[in-house]
2 protein chains.
Amino acid sequence: MKKIVIEEQDINALQDTIYVIGGKWKLPIIYSICNGNKRFMDIERSIPGLTTRMLARNLKELEDNKLISRIMNADIGVAEYEFTEYAKEYGTLIMNLIAWGKKHRAMIIESLR
Amino acid sequence: MKKIVIEEQDINALQDTIYVIGGKWKLPIIYSICNGNKRFMDIERSIPGLTTRMLARNLKELEDNKLISRIMNADIGVAEYEFTEYAKEYGTLIMNLIAWGKKHRAMIIESLR
DNA sequence: CGGTATCCTCTCTGATACTG
DNA sequence: CAGTATCAGAGAGGATACCG
């Protein structure tokens with residue numbers, strides 16, 4: 001039986017982590033950019049139900065957290081969004097979260113049978 | 001340069017994960033139980049600003065997700081909450097999230113200087 | 001095209017009182 | 001002690017119109 005020991009400051013770090021990728025649209029947006037969408041319009045159209053207001057807000061938050069970068073291409077007059085190298089370093093962590101989510105869902109479903 | 005590849009169903013798993021430990025009070029509550037608090041009153045008093053309503057609701061959600069278990073001790077007339085073995089299996093993941101949160105915070109602070 | 005501004009709704013949260 | 005019930009406020013999110 002393992003023992004969990006967490007310090008108070010860790011809780012703050014953990015809440016920060018969750019906040020950065022939390023909310024209704026952050027992950028769908030990340031997913032969309034993963035799939036090659038770079039422009040505002042492309043991202044917006046790739047996510048059903050997402051409004052321009054929420055997209056603008058969430059892109060700004062992700063940018064503030066250095067997970068994506070906004071590059072204004074003056075030549076062609078459009079902005080492009082892409083992942084930062086910083087974001088890419090955390091692919092493994094994301095994968096761990098995904099793996100946990102899948103196991104968790106399976107466990108909950110099993111427990112309801 | 002690493003490439004991130006995420007499937008659509010992964011996004012759902014990820015949102016589930018975040019939902020389970022998201023919100024304002026889940027992590028402080030987990031932290032409190034970590035520190036040996038087992039009874040409703042003890043947990044409530046250990047977290048400034050937490051109301052009985054939110055504690056009751058969050059304990060129920062954590063219980064629904066099998067992360068904690070509620071044990072009614074009829075002999076002494078009190079309920080006790082404790083982590084499930086299931087929750088303990090994911091200590092490593094929690095630690096990874098904490099580590100990420102700390103590095104992330106340091107990076108953001110550094111970028112603002 | 002790539003956003004802002006405005007208004008509205010709805011959920012989450014807070015304060016407080018009450019109960020077995 | 002361990003909650004539940006009720007009401008009210010704040011903030012996230014949605015619909016739509018407008019702007020450089």
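Note: hydrogens, waters and symmetry copies are ignored here, and every other heavy atom, side chains too, is used. Chain letters run A, B, ... following the sequence lines, proteins first and then strands; every chain starts at 1.
- Residue pairs meeting the ring pair (Phe, Tyr, Trp, His ring centres under 6.0 Å) criterion with at least one member in residues 35-56 of chain B, sequence neighbours excluded, do not occur.
- Two end axes, each from the C1' atoms of five base pairs, can be drawn for the helix from C:dC1-D:dG20 to C:dG20-D:dC1; they diverge by 40°, to 10 degrees.
- In terms of the side-chain contact (heavy atoms from CB on, under 4.5 Å) criterion, residue partners of A:Asn35 (sequence neighbours excluded) are, by chain and number, A:Tyr31.
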Per-pair distances, 0.1 Å, donor-acceptor, side chain in residues 48-64 of chain B, under 3.5 Å, sequence neighbours excluded:
residue: B:Thr51; atom: OG1; partner: B:Met54; partner atom: N; Å: 3.4
residue: B:Asn58; atom: ND2; partner: B:Met54; partner atom: O; Å: 2.7
residue: B:Glu61; atom: OE1; partner: B:Lys26; partner atom: NZ; Å: 2.8

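- Checked by atom type and distance alone, the side chain of A:Ser69 never pairs as donor or acceptor with a backbone atom of A:Thr84 at under 3.5 Å.
- Qualifying side chain to side chain donor-acceptor pair (under 3.5 Å) partners for B:Thr17, counting only residues two or more places apart in sequence or in other chains: none.
- Residues of residues 37-45 of chain A having a heavy atom closer than 4.0 Å to DNA chain D: none are found.
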> Given A:Ile33 and A:Ile30, is the side chain to side chain contact (heavy atoms under 4.5 Å, CB included) satisfied, shown in steps?
Replying inline: CA-CA 5 Å; A:Ile33 296 175; A:Ile30 288 171; 6.0 Å; no
> Which nucleotides of nucleotides 13-20 of chain C have their base under 4.0 Å from a protein heavy atom (B), which only their sugar-phosphate (S), and which neither (-), written as one string 5' to 3'?
Replying inline: BBB-----
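- Think of the region where chain A sits on DNA chain D: with heavy atoms and a 4.0 Å cut, that region ends 5' and 3' at D:dG13 to D:dA15.
- Minimum interatomic distance between B:Ile47 and B:Ser32 (heavy atoms only, all atoms of both residues): CD1-CB, 4.0 Å.
- Residues that satisfy the side-chain contact (heavy atoms from CB on, under 4.5 Å) test with A:Ala79, not counting sequence neighbours, are A:Arg70, A:Met72.
- For residues 96-108 of chain B, the set of pairs meeting the side-chain hydrogen bond (donor to acceptor under 3.5 Å, both in side chains) definition, not counting sequence neighbours, comprises A:Asp10-B:Lys102, A:Asp16-B:Arg105, A:Asn65-B:His104, A:Tyr86-B:His104.
- Applying the side chain to side chain donor-acceptor pair (under 3.5 Å) rule to B:Arg45 yields the partners B:Asp42; only residues at least two apart in sequence or on another chain are considered.
- If you take CG of A:Leu55 and P of C:dG3, they are 8 Å apart, rounded to a whole angstrom.
- Partners of A:Ala106 according to the side-chain contact (heavy atoms from CB on, under 4.5 Å) rule, which considers only residues two or more places apart in sequence or in another chain, do not exist here.
- One finds the SG atom of B:Cys34 at 12.5 Å from the CD1 atom of B:Ile29 (value rounded to the nearest 0.5 Å).
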